[in-house]
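Notes follow once the structure below has been shown.
Computed from heavy atoms alone, side chains included, the values below leave out hydrogens, waters and symmetry copies.
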Amino acid sequence: MRQTHHLDLTLAAAPLVLDRVVSLCRARQCAIVALRYESADRHRPGRVSLTLEGTSRMARIVTQRLAATPGVLAVAAVGERAQMHAPGVT
């Protein structure tokens, strides 16, 4: 069953880090429902607020892979706001 998962990522000012994040989600078959990006500068790291739709297993794998991605400093799951989605139901 597909669910909505919310993640907050802290990013270094590394080139192509946002591209890596998006590519990883797509490769793991987690649809990006919403994405908010704040680029890093010399005073603070970058941030991404990401909402994914996928199975719990795939979201767990994406979270682990994101944490190991170059340029990603931290990954945190946000709250218990998961919403259940049955296939074909909107």
Side-chain angles (χ1 to χ4, degrees):
M1 186 171 292
R2 296 179 71 78
Q3 298 175 324
T4 302
H5 305 274
H6 306 279
L7 302 174
D8 276 340
L9 287 70
T10 305
L11 308 176
L16 301 176
V17 69
L18 183 60
D19 295 339
R20 288 186 195 113
V21 168
V22 172
S23 295
L24 183 88
C25 294
R26 293 184 70 196
R28 294 292 164 202
Q29 300 174 354
C30 284
I32 297 173
V33 178
L35 184 137
R36 181 170 182 255
Y37 173 68
E38 297 173 24
S39 64
D41 61 27
R42 64 184 177 142
H43 300 291
R44 62 182 172 80
R47 295 199 49 184
V48 168
S49 294
L50 186 62
T51 302
L52 301 173
E53 187 178 274
T55 64
S56 293
R57 179 178 177 271
M58 292 314 294
R60 201 169 35 252
I61 291 170
V62 165
T63 301
Q64 292 170 351
R65 297 281 169 93
L66 284 171
T69 300
V72 176
L73 304 174
V75 179
V78 179
E80 294 295 322
R81 296 184 291 172
Q83 299 173 353
M84 303 294 276
H85 296 284
V89 177
T90 57

Ser23 meets the side-chain hydrogen bond (donor to acceptor under 3.5 Å, both in side chains) criterion, sequence neighbours left out, with none
Under a 4.5 Å cut-off applied to non-hydrogen side-chain atoms, are Thr69 and Leu9 in contact? no
I'd like to know if the side chain of His5 reaches the main chain of Gly54, judged simply by a donor and an acceptor atom lying under 3.5 Å from each other, with no hydrogens or angles considered. yes
Which residues share a side chain to side chain contact (heavy atoms under 4.5 Å, CB included) with Leu73, sequence neighbours left out: Thr10, Ala12, Pro45
Hey, is CZ on Arg20 packed in by over 12 heavy atoms from elsewhere, all under 6.0 Å? yes
Of Thr51, Val22, Leu52, which is the lone residue that meets side chain to side chain contact (heavy atoms under 4.5 Å, CB included) with Leu35? Val22
Find the distance between SG (Cys30) and CG (Leu7) and round it off to the nearest 0.5 Å. 9.0 Å
For atom CZ of Arg44, decide whether the heavy atoms of other residues, nucleotides or ligands shown that lie under 6.0 angstrom number more than 12. yes
For Gly46 and Ala40, the nearest pair of non-hydrogen atoms, with its separation, is N-CB, 3.2 Å
Is it possible for you to say whether Val62 and Leu18 belong to one hydrophobic cluster, with membership spreading through side-chain heavy-atom contacts below 4.5 Å? yes
Excluding sequence neighbours, so at least two apart, what forms side-chain hydrogen bond (donor to acceptor under 3.5 Å, both in side chains) with Arg36? Glu38
Please report the shortest heavy-atom distance between Cys25 and Leu50, naming the atom on each side. SG-CD2, 3.8 Å
Within one Ile-Leu-Val-Met-Phe-Trp-Tyr cluster: Val21 and Ile32, side-chain cutoff 4.5 Å: yes
To the closest 0.5 Å, what do you measure between CE (Met58) and CZ (Arg60)? 10.5 Å
